[in-house]
*Asks:* 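Okay, handing you the structure first.
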Amino acid sequence: MNSYQNILVEKSNQLAYIIINLPEQRNPLSKETLGEMKEALERLKNDKETNCIIFTGQGDKSFAAGADISQLKNRGPLDVFTPNGMQEVYDYIEAYDKPTIAMINGFALGGGCELAMACDIRIASENAKFGLPELNLGIIPSAGGTQRMARLIGKGKAIDLILTGRIITAEEAEKIGLVSEFVPQDQLKKTVEKTAAQILAKGPLAVKLAKMAIHAGFDADMKTGLLIEKLAQAVLFSTDDKNEGTSAFLEKRSPEFISK
């Protein structure tokens with residue numbers, strides 16, 4: 001799993017860490033790095049020993065500093081439609097079957113901030129910084145930034161941050177709902193692993209269908225969203241995991257789920 005040039009993949013206790021491994025450059029997101037991330041995710045999808053993916057950056061200064069500007073400078077209008085671009089990779093991460101956590105250990109700017117927003121949960125160290133400064137380059141955040149940020153923190157605040165390009169602290173990011181929490185740097189990994197353990201204790205199929213229902217229902221009207229929720233629940237009612245979960249509760253023991 002570590003035969004990559006720009007990332008590392010480390011596995012431990014049902015977790016797989018995808019680590020952007022270019023700390024001297026503040027972990028930029030080149031097309032090569034994105035390709036390696038997508039390849040690693042494809043390989044981990046069918047890995048029965050891995051049930052949660054954690055994204056982070058090497059070092060303690062940068063989670064991901066954004067797109068590789070030297071590559072960006074040479075792109076033309078039709079390049080935005082190239083398969084497996086940043087937007088498509090992040091869509092893949094958002095829809096990924098297994099839960100994902102962004103462990104934000106420093107700067108998360110531009111494409112780095114968009115990567116974090118594509119993950120299910122975002123947990124930051126107190127030294128983390130967030131921003132979408134693309135307008136400084138005469139372009140817009142186009143890896144989901146204009147859409148995910150507005151949905152996460154509200155349209156008004158998203159317009160403020162995108163139009164000004166302002167960089168915000170982890171504390172402000174937590175206040176506006178961009179991250180779930182921020183913690184001291186030396187507590188970041190422990191906090192992320194605690195959150196992952198809470199998720200992994202749940203029924204795996206329930207986790208998968210909860211993600212699906214939230215994402216599919218969010219942009220639909222309430223009636224459609226509730227129908228999606230009901231259909232997901234109907235599937236879960238037919239599973240051994242539902243029987244195990246309810247039995248374990250009544251018997252005051254920990255459940256042993258079998259679905260993946």
Side-chain angles (χ1 to χ4, degrees), residues 17-20 26-29 33-34 37-38 41 52-57 62-67 72 80 84-125 127-137 139-183 188 191-192 195-196 199 210-212 214-219:
Y17 288 83
I18 296 179
I19 305 165
I20 305 167
R26 293 194 171 181
N27 300 322
L29 291 156
T33 300
L34 291 168
M37 289 169 56
K38 177 75 176 296
L41 288 166
C52 182
I53 311 296
I54 297 170
F55 291 91
T56 193
S62 181
F63 170 73
L72 190 62
V80 300
N84 292 317
M86 188 177 283
Q87 188 185 91
E88 286 70 31
V89 173
Y90 292 176
D91 286 348
Y92 180 79
I93 291 170
E94 184 177 65
Y96 200 63
D97 279 351
K98 299 177 181 182
T100 57
I101 301 175
M103 187 171 84
I104 305 156
N105 54 316
F107 285 100
L109 304 179
C113 185
E114 291 170 305
L115 169 59
M117 290 191 292
C119 294
D120 297 321
I121 296 173
R122 288 155 293 285
I123 300 174
S125 63
N127 68 316
K129 298 287 194 301
F130 300 84
L132 294 175
E134 282 87 345
L135 272 67
N136 292 324
L137 303 175
I139 58 175
I140 65 171
S142 62
T146 64
Q147 303 305 304
R148 290 193 179 96
M149 181 167 277
R151 286 161 170 76
L152 284 168
I153 68 174
K155 184 170 74 171
K157 196 66 178 178
I159 289 175
D160 175 2
L161 292 180
I162 291 171
L163 296 191
T164 65
R166 186 163 57 88
I167 308 301
I168 64 172
T169 64
E171 182 177 8
E172 184 174 352
E174 191 271 339
K175 285 181 179 178
I176 64 177
L178 187 57
V179 301
S180 300
E181 60 181 313
F182 69 99
V183 296
L188 179 59
T191 302
V192 167
T195 299
I199 297 169
K211 280 188 57 171
M212 184 205 71
I214 292 166
H215 287 309
F218 190 83
D219 294 324

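Just so it is clear, the values below take in all heavy atoms, side chains as well, and ignore hydrogens, waters and symmetry mates. On a predicted model such as this, the values are computed, not experimentally measured, just so you know.
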*Asks:* Is the side chain of E172 donor-acceptor paired with the backbone N or O of T169 at a distance under 3.5 Å, no angle test?
*Replies:*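 Side chain of E172 to backbone of T169, a donor-acceptor pair under 3.5 Å: no, none is there.
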*Asks:* Can you check whether M117's main-chain N or O pairs, donor with acceptor, with Y90's side chain at less than 3.5 Å?
*Replies:*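 A pair under 3.5 Å: no.
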*Asks:* Please report the interatomic distance CD1(I162) to NZ(K155), rounded to the nearest 0.5 Å.
*Replies:*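 Between atom CD1 of I162 and atom NZ of K155 there are 12.0 Å.
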*Asks:* For C113 and L132, work out which heavy atoms get closest and say how close.
*Replies:*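 Where C113 meets L132 most closely, the heavy atoms are CB-CD2, 3.9 Å.
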*Asks:* With a 4.5 Å limit on heavy-atom distance, are the side chains of T33 and P28 in contact?
*Replies:*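 Not touching, per the 4.5 Å side-chain cut-off.
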*Asks:* Mind running side chain to side chain contact (heavy atoms under 4.5 Å, CB included) on E181 and T195 for me, showing each step along the way?
*Replies:* CA-CA 11 Å; E181 60 181 313; T195 299; 4.2 Å; yes
*Asks:* Of all heavy-atom pairs between L188 and A124, which one has the smallest distance, and what is that distance?
*Replies:*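 Nearest pair, atom of L188 first, then A124: CD1-C, 3.7 Å.
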*Asks:* Check whether any side-chain heavy atom of D219 sits under 4.5 Å from a side-chain heavy atom of R151, and report yes or no.
*Replies:*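 The answer is yes; the side chains approach within 4.5 Å.
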*Asks:* Measuring from L137:CG to I140:CD1, what's the distance to the nearest 0.5 Å?
*Replies:*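 One finds 12.5 Å between CG of L137 and CD1 of I140.
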*Asks:* Drop me the distance from I168's CD1 to E174's CD, to the nearest 0.5 angstrom.
*Replies:*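 Between I168 CD1 and E174 CD, I get 11.0 Å after rounding to 0.5 Å.
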*Asks:* Please report the interatomic distance CD1(I93) to CE(M37), rounded to the nearest 0.5 Å.
*Replies:*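 With rounding to 0.5 Å, CD1 (I93) is 4.5 Å from CE (M37).
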*Asks:* For the residue pair L135 and P141, what are the closest heavy atoms and their distance?
*Replies:*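 So the two residues come closest at CD1-CD, 3.9 Å.
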*Asks:* For the side chain to side chain contact (heavy atoms under 4.5 Å, CB included) test, which of I104, I101, T56, V183 pairs with V192?
*Replies:*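 It is I101; the other options fail the test.
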*Asks:* Mind checking the NZ-CD1 spacing from K157 to I159? Nearest 0.5 Å is all I need.
*Replies:*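 K157 atom NZ to I159 atom CD1 measures 12.0 Å (nearest 0.5 Å).
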*Asks:* Please tell me if the side chains of L161 and F130 come closer than 4.5 Å, counting only heavy atoms from C-beta onward.
*Replies:*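 When only atoms from C-beta onward are counted, F130 and L161 do not touch, as no gap falls below 4.5 Å.
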*Asks:* Pairs in or reaching into residues 111-124: which pass side chain to side chain donor-acceptor pair (under 3.5 Å), with residues at least two apart or in two chains?
*Replies:*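 Matches after skipping sequence neighbours: T100-D120, D120-K211.
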*Asks:* How long is the span from the CE atom in M103 to the CD1 atom in I54, to the nearest 0.5 Å?
*Replies:*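 Here the rounded value is 6.5 Å.
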*Asks:* Any idea which heavy atoms bring F63 and F55 closest together, and the distance?
*Replies:*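 What the structure gives for the nearest pair is CE1-O, 3.4 Å.
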*Asks:* Can you check whether S125's main-chain N or O pairs, donor with acceptor, with N105's side chain at less than 3.5 Å?
*Replies:*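 Not a single qualifying donor-acceptor pair exists.
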*Asks:* Do the side chain of T146 and the main chain of S142 share a donor and acceptor less than 3.5 angstrom apart?
*Replies:*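 Checked: no pair found.
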*Asks:* Using the ring pair (Phe, Tyr, Trp, His ring centres under 6.0 Å) rule, collect all pairs that involve residues 96-122, keeping only residues at least two apart or in two chains.
*Replies:*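 The answer is Y92-Y96.
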